[in-house]
Structure formats: structure tokens, C-alpha cells
Amino acid sequence: MPGQAGTGPLAAGRAGAGGAGVPGSSAAPFGSRLLGPEGQHGTVLRIRVQGLLTTTLVTTNVIGAVIVVVLSGFVIPGPPTEGPMLLALAIAVPAYVLGALLVGGIWGTGRALRALRWAIEQREPTAADRRATLRVPLNLTLMQAFLWGAATVLFTVLAIVLQPELVFAVGFTVAMAGMVVCANAYLLSEFALRPVSARALQDDPPGQVVGAGVQVRMLLFWALGTGVPVAGVVMVALFAMARQNVTSDQLAITVVVLGGIVLVFGLLVMVFNARATVAPIESVRDALARVQRGELDTEIPVYDGTELGLLQAGFNRMSAGLRERERIRDLFGRHVGQKVAEVAVAAGVEQLGGEVHEVAVVFVDIVGSTTLAATRPPTEVVELLNRFFAVVVDEVDAHGGLVNKFVGDAALAIFGAPVDLDDDAGQALATARAIAARLPVEVPECAAGIGVAAGAAVAGNIGDARRFEYTVIGDPVNEAARLTELAKSVPGRLVASRCAVERAGEREAARWTAADTVTLRGRTEETTVMVPVGSDAPAE
């Protein structure tokens, strides 16, 4: 009879780190609530894993021992156990069980402790530690196979010596029970050690299959849980036919009982095998749903060395790639503007050139920036500029525009490109009024001139194929810059061109009035200067 395969203390307190399980999803960590919640204390997890592993293996072996007694004593056709054989079994069975428990406990615990020492010492596992950890279930199962194999040989030899007619019944029942127990022992121990496997594979997921793959594992457990026991049923029938002293009722009872055992334990093996296969897939499925909802920081534990572990590791690599892509996209948007970034990504625009757009332009420039830089420490100037630009960006974004660039102490905002607006001129004028109202209150240290112009301009990528930027080139940009110079000497420091006001909606246009007609520097045509209603006329 096989003994207990204890595992000793497993310091797997960090097994849940890095996304053990899928928080907030329907899937339990590592596929079972028996393993407790993620983030639990290491001692609690260690006791839980050890208790689950020991209990399941001992229970499986006890059931296997019961099967042997029932089959050999009451089911398999043959003479009853009597005389010296009965006495030998009465002495040998308890003695073997006790010895197997002792040997199995020391042997199994010692090997498991050596393999899991990295976890006990709370250190990062090496590549050898990872391989040894993933082999613990197999090693425990091989130990079970050795003990059951020794039991098969021992009790078969006793039958040959003391009561030869019982050889088949004893040898067959012990071997059959051992195969079923070994299959279940592997699946149960692998299941119990998932938190430790997850900790081992957390920082270095497998790049290839470790050990047997899913196909080999499923075929192996079908053979151990179903194929071999069914072959045993066939052997019982052949043995009964050869002896020709078994009644049809005895044969029928034997086949029914053996068939029931095969069905029950074959089903048990397949259930655990199915869970071992489905749990990683469910973790990936639930994690994909979270990513689809925008939770790109989702990660799942990798606790399987087969193709399923590769699937889990592949998901984590995909998630990391998406996070990096989103970070780059966000950084790209901060540099060129979110609207430009969205349009560029959606259209795949990567070439130079542009298109003609009807746009409105707002130019904002600080008054006395040279004096400001000369009289204040650089760090203070930067802090002041950031506060100044924060007001500009806030109002431009609120009105659907794009801050195209910061030029030292000035900002250029565009309305109508790259995304068309229903009233680009009206939004530009409203933005300019809002900025002019907020700056004296929120950044009184920075007086600024604001100019607004509108008209046709070319918007697109300017530069070289290796390095370009999105910008707007045309007369409205130049006019807005010249109006800003004029605005610095005007009460309220805000002016606009008549063209911009005439293109605006009636509600916004009514807020502006003509103040003067001037010829701006560098231009040949006169410009009618507009100011908000209530402002004084600009100085010439």
C-alpha cells in the first residue's frame, strides 16, 4: 500500500504577486477558491497549499487501498483467502502501510523541500529552481508509482508462495488501483501547487513547453484512468474463461463492479484533467474581457508549463505591448495634440504634405518675456510658463481647438484642422475671450497679447520623412501673429480680424465691434481690427 507524500512548508507567500488571478472577474485565482484569495499572507498560503496537497494525496491513496481490499476479497472470482495467506496479509498489510507512510512522508517531503527551497527562503528562483518546481507533481507521482509498484510485487510474491490461486486477483487489483491513484495524484498535486508554480514563472514565463504538452498529458491520463483499467476488465474476463470454474453470476458481478470503478475514477481523472486545461483558458478569457473594457494593466498568473502556460505568458506579453503602445500614443498625443494623434492613427498618415482647410487661428504671446527671463530664476520662469500655458490649453481644448505648438513664450492654436468644426471662427473668438479673462486673474504675472485671424491655410505634415510635424501654414497664421503684436498695446490685449468675426456665428459675432483699420507689419492690405464689445479702440 502506498504512503503519504507530504510536501513540507511551502513559502509561496508571493505567489499571487503580479496579478494572481483576475481581480474582479468570475474566475477564482488559479482556478479554485480552495486556494484562497490573492494577496493572502505567505504563512496562510503555505499552510493552505500543504494541507490541500497532503489531504488530497492521502485521501486518494486510502480510496485506492479500499478498492484493493474490496476487489481482491469480494469481487474478483477465485477461492477465498485462508490459512497462512490470511495470516500473512493480516500482518503484512498494516506493516507495509505504516512503513510506506513513513518512507513516503520523509522521501516526498525531502524532495519537495529541496525543489522549493527558493520559496522557503523568499528569494528569486533560478532557471533550475523553476524546472524543479514544475517537476514536483511528477516526482511525487513517481514516488506514488514506486510505492504502489512495490506493494504489487510484495503481495503478488506472498500469493505465489502461500496461495498461488490468488496471484491474479491480488496482483491485478493492486496494480489497477495504483495506476488510477497515480493519475489522480499527479493532477491533484499539480493543482495544489499552482500558487508556487505561478510564483516560479512570474518573472520568467516559459518560452517553450516544459515537460509533457497538453496532448501527451491528456493521452497519458486517459490511458492511466480509463485505458489500463478497461484492459484489466478484459483480462478478468479472459482469466475467468481460462479457468472455466466461474459462474455467469460471479462474472457479471465482477464486470459490473470493475466497470463502475473504471467509470467513477476514469471520470475523476478526466474532470481534474479538464479543470487543469480549462482554468488557464478561463483566466485568459476573463483577462481579455478586461482588456476590451480598457483595463490594459491586466495580467494573469502563469502556472502551467504546457502550451496553456505559453498561452498565459503570451497574453501577458500582449498586454504589456498594448500598454507600451498606449503610452507611446499618449506621449505622441501630448506632443502633437490628441486630435492630430487620433487622426494620424486612424488614417495611417505617415507622408509629408497637407490639404487646404478653412481655419481660425489664435496666437497668444507674453508681454515682456525678455525682461521676465532676465529678472527671475529659470526654474521660476518655467513654473510661470507652465501655469500660463495651462490656461491656454484648457480653453483651447474646451472649445474644440488644437494647440499646435509652443514657441518659447507663445502658443499657436488652430480651429478647423485636422478636424472640421461647425463654427471654427466662433470657437476661436470665444477661446480668445476666455483666455483674456482668465490670465489676469490666474496668472497676473504674465500679461499676454492675443490675436485671432481666419482664412484658408495648408494643414499637414511639414519637415522630412525621418522627422516631421503637423502644422498650419498660410496667411491667417501670419495675420494672427501680427495682430498679437498690436494687441500688446491695446487695453484688454485682445484683437481679431474682421474676416474672423464675419465668419463666426451671429451670437459670437455680436460680441465684437470694429475699432480701427491698420496696415499690419509685413502686409500690403489693410486690416480692420475688431475688439470685444466694451473695449477701447487700439492705439495706432
Side-chain angles (χ1 to χ4, degrees), residues 1-5 57-108 140-186 223-225 227-240 242-243 245-246 250-251 253-255 257-262 264-266 269:
M1 305 296 164
Q4 172 184 352
L57 291 180
V58 169
T59 302
T60 302
N61 283 285
V62 169
I63 293 175
V66 172
I67 290 175
V68 171
V69 173
V70 172
L71 290 182
S72 61
F74 305 99
V75 177
I76 301 297
T81 305
E82 57 187 18
M85 184 63 181
L86 183 60
L87 179 61
L89 291 177
I91 297 173
V93 169
Y96 184 84
V97 169
L98 180 60
L101 285 172
L102 183 61
V103 173
I106 296 175
W107 185 14
L140 292 175
T141 303
L142 292 176
M143 184 201 67
Q144 294 290 313
F146 174 81
L147 295 173
W148 278 92
T152 302
V153 173
L154 173 63
F155 292 105
T156 301
V157 170
L158 284 177
I160 292 174
V161 174
L162 301 176
Q163 196 171 351
E165 58 269 25
L166 293 178
V167 169
F168 174 79
V170 173
F172 166 74
T173 54
V174 176
M176 175 179 170
M179 292 177 185
V180 175
V181 168
C182 287
N184 283 282
Y186 181 89
L224 293 177
V228 172
V230 169
V233 174
V234 174
M235 291 177 60
V236 169
L238 294 175
F239 179 74
R243 293 187 60 183
N245 61 350
V246 179
Q250 288 177 315
L251 182 59
I253 292 173
T254 300
V255 172
V257 173
L258 290 177
I261 293 175
V262 170
V264 171
F265 284 93
V269 170

Side chain to side chain contact (heavy atoms under 4.5 Å, CB included) filter on Leu154, not counting sequence neighbours, yields Tyr96

Partners meeting side chain to side chain contact (heavy atoms under 4.5 Å, CB included) with Val157 (sequence neighbours left out):
Val153, Val161

Rounded to the nearest 0.5 Å, what separates atom CG in Leu147 from atom OG1 in Thr152?
10.5 Å

